[in-house]
Amino acid sequence: MIAADELCLDELCTYAEDFLLNNRESLKSNLVLLLHVTTEFDQFTRISQFYKETYRQNPSLIFKAKDFTDIKREFLLELLIKNNHSLKPIEIWDKLSAWVIVQSDELSSNITNWTDDNVKTFGKIVNPFLSYVNFDKISREDFFQKIKPFKNIFDDKFYIKILESCCFNDF
């Protein structure tokens with residue numbers, strides 16, 4: 001589709017767009033690709049409309065898309081700033097973690113093997129997104145299992161605030 005656009009093959013672009021729109025479930029599982037296509041190419045108006053309608057109906061689908069980790073940093077940040085999704089904060093943390101791992105060549109998906117340098121790399125990449133994770137709503141169990149191993153990436157005051165809210169929010 002993109003090649004057809006670059007070669008100015010308008011009929012092929014129309015055919016490709018028709019073909020893709022006939023399999024809407026597949027498109028929904030590749031929303032990040034759609035996002036990139038709709039922001040870079042004006043010609044695919046029906047694909048763009050499909051993306052906008054799908055996103056408007058369920059913004060959380062983009063986080064659940066199989067190509068989520070391919071999302072560009074600026075789009076991910078925009079999604080988190082808008083905060084119009086239905087994901088729990090720990091789900092956002094999990095998605096961010098998966099995204100960060102893909103962004104770095106040196107991070108393994110098995111965090112138990114990470115070195116201090118790996119944690120620092122993770123921290124540098126995830127840092128711009130931290131203020132958009134509602135850590136106050138994360139359970140104690142999830143905090144100790146998924147957040148605490150990364151305590152060194154947080155500013156001390158911010159981490160203490162997270163720790164207090166996760167440990168004492170029931171009182």
Side-chain angles (χ1 to χ4, degrees), residues 1-109 111 121-139 142-143 146-147 150 153-154 158 162 165-166:
M1 199 165 84
I2 295 169
D5 179 67
E6 289 178 5
L7 294 171
C8 299
L9 301 172
D10 295 338
E11 287 181 38
L12 185 56
C13 288
T14 302
Y15 175 79
E17 198 172 21
D18 289 342
F19 179 80
L20 291 171
L21 287 168
N22 283 331
N23 191 351
R24 293 175 182 260
E25 289 308 309
S26 178
L27 286 177
K28 285 180 182 180
S29 68
N30 292 287
L31 278 180
V32 173
L33 176 61
L34 285 185
L35 171 62
H36 294 301
V37 167
T38 60
T39 56
E40 293 180 28
F41 300 94
D42 295 334
Q43 179 164 346
F44 304 112
T45 55
R46 291 179 298 143
I47 293 280
S48 179
Q49 186 62 33
F50 172 80
Y51 170 79
K52 288 174 186 174
E53 287 175 16
T54 302
Y55 179 77
R56 185 179 40 79
Q57 290 171 1
N58 188 355
S60 298
L61 282 179
I62 201 157
F63 290 98
K64 297 173 183 175
K66 69 180 180 183
D67 64 346
F68 171 76
T69 56
D70 296 333
I71 195 167
K72 292 181 182 175
R73 180 185 184 277
E74 61 270 17
F75 292 129
L76 178 55
L77 192 56
E78 183 180 328
L79 289 172
L80 293 173
I81 290 169
K82 285 181 181 178
N83 192 26
N84 60 350
H85 54 78
S86 62
L87 273 68
K88 296 176 183 174
I90 198 61
E91 293 172 314
I92 294 295
W93 176 259
D94 291 342
K95 288 296 186 177
L96 274 175
S97 296
W99 181 82
V100 168
I101 289 168
V102 169
Q103 305 312 302
S104 172
D105 295 333
E106 65 185 73
L107 297 178
S108 161
S109 58
I111 65 169
T121 299
F122 178 85
K124 287 178 189 173
I125 299 171
V126 80
N127 191 295
F129 305 99
L130 292 178
S131 60
Y132 302 104
V133 178
N134 190 355
F135 290 101
D136 293 348
K137 303 284 188 214
I138 293 177
S139 72
D142 285 335
F143 171 80
K146 297 180 178 184
I147 310 298
F150 298 100
I153 70 167
F154 297 99
F158 189 65
I162 295 169
S165 67
C166 287

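- The side-chain contact (heavy atoms from CB on, under 4.5 Å) search around D18 returns T14, R46, not counting sequence neighbours.
- Of all heavy-atom pairs spanning S104 and T121, the tightest one is OG-CG2, 3.6 Å.
- For the pair F68 and K95, the tightest heavy-atom approach, listed with the atom from each and the gap, is CE2-O, 3.5 Å.
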Indicate every side-chain donor-acceptor pair of residues 73-83 with a distance under 3.5 Å to a residue at least two apart or in another chain.
residue: E78; atom: OE2; partner: K82; partner atom: NZ; Å: 3.3
residue: N83; atom: OD1; partner: H85; partner atom: NE2; Å: 3.2

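- Applying the salt bridge (charged side-chain N to carboxylate O under 4.0 Å, His left out) test to E53 and every residue at least two apart in sequence or in another chain returns nothing.
- Residues S26 and N30 share a closest heavy-atom pair of O-ND2, 2.9 Å.
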Evaluate side chain to side chain contact (heavy atoms under 4.5 Å, CB included) for F129 paired with I92, printing each intermediate quantity in order. CA-CA 10 Å; F129 305 99; I92 294 295; over 6 Å; no
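- Applying the side-chain contact (heavy atoms from CB on, under 4.5 Å) rule to T38 yields the partners I47, S48, Y51; only residues at least two apart in sequence or on another chain are considered.
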Verdict with reasoning, F135 to W93, per side chain to side chain contact (heavy atoms under 4.5 Å, CB included): CA-CA 9 Å; F135 290 101; W93 176 259; 4.0 Å; yes
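- Looking at every heavy atom in both residues, D94 comes nearest to K146 through OD2-NZ, 2.9 Å.
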Full working for side chain to side chain contact (heavy atoms under 4.5 Å, CB included) between V100 and L107: CA-CA 8 Å; V100 168; L107 297 178; 4.0 Å; yes
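- Q103 is linked by a side-chain hydrogen bond (donor to acceptor under 3.5 Å, both in side chains) to nothing, counting only residues two or more places apart in sequence or in another chain.
- Partners of D67 by side-chain hydrogen bond (donor to acceptor under 3.5 Å, both in side chains), not counting sequence neighbours: none found.
- The distance from atom CD1 of I147 to atom CD1 of I153, rounded to the nearest 0.5 Å, is 8.0 Å.
- The side-chain hydrogen bond (donor to acceptor under 3.5 Å, both in side chains) search around E91 returns none, not counting sequence neighbours.
- Not counting sequence neighbours, the partners of T69 by the side-chain contact (heavy atoms from CB on, under 4.5 Å) test are A98, V102.
- Contact detail for I71 and L35: the closest heavy-atom pair is CD1-CD2, 4.2 Å.
- Residue pairs meeting the salt bridge (Lys or Arg N to Asp or Glu O under 4.0 Å) criterion with at least one partner in residues 32-41, sequence neighbours excluded, are E40-K72.
- By the side-chain contact (heavy atoms from CB on, under 4.5 Å) test, K124 is found to be paired with no residue, residues two or more places apart in sequence or in another chain being considered.
- Applying the salt bridge (charged side-chain N to carboxylate O under 4.0 Å, His left out) test to K64 and every residue at least two apart in sequence or in another chain returns nothing.
- Separation of atoms CD1 (I101) and CG (L96) is listed at 11.0 Å; rounding is to 0.5 Å.
- Scored by the side-chain hydrogen bond (donor to acceptor under 3.5 Å, both in side chains) test, K66 finds no partners at all (sequence neighbours excluded).
- In this structure, the side chains of Y55 and L31 stay at 4.5 Å or more apart for every pair of heavy atoms.
- Closest approach of F158 to L130, counting heavy atoms only: CZ-O, 4.1 Å.
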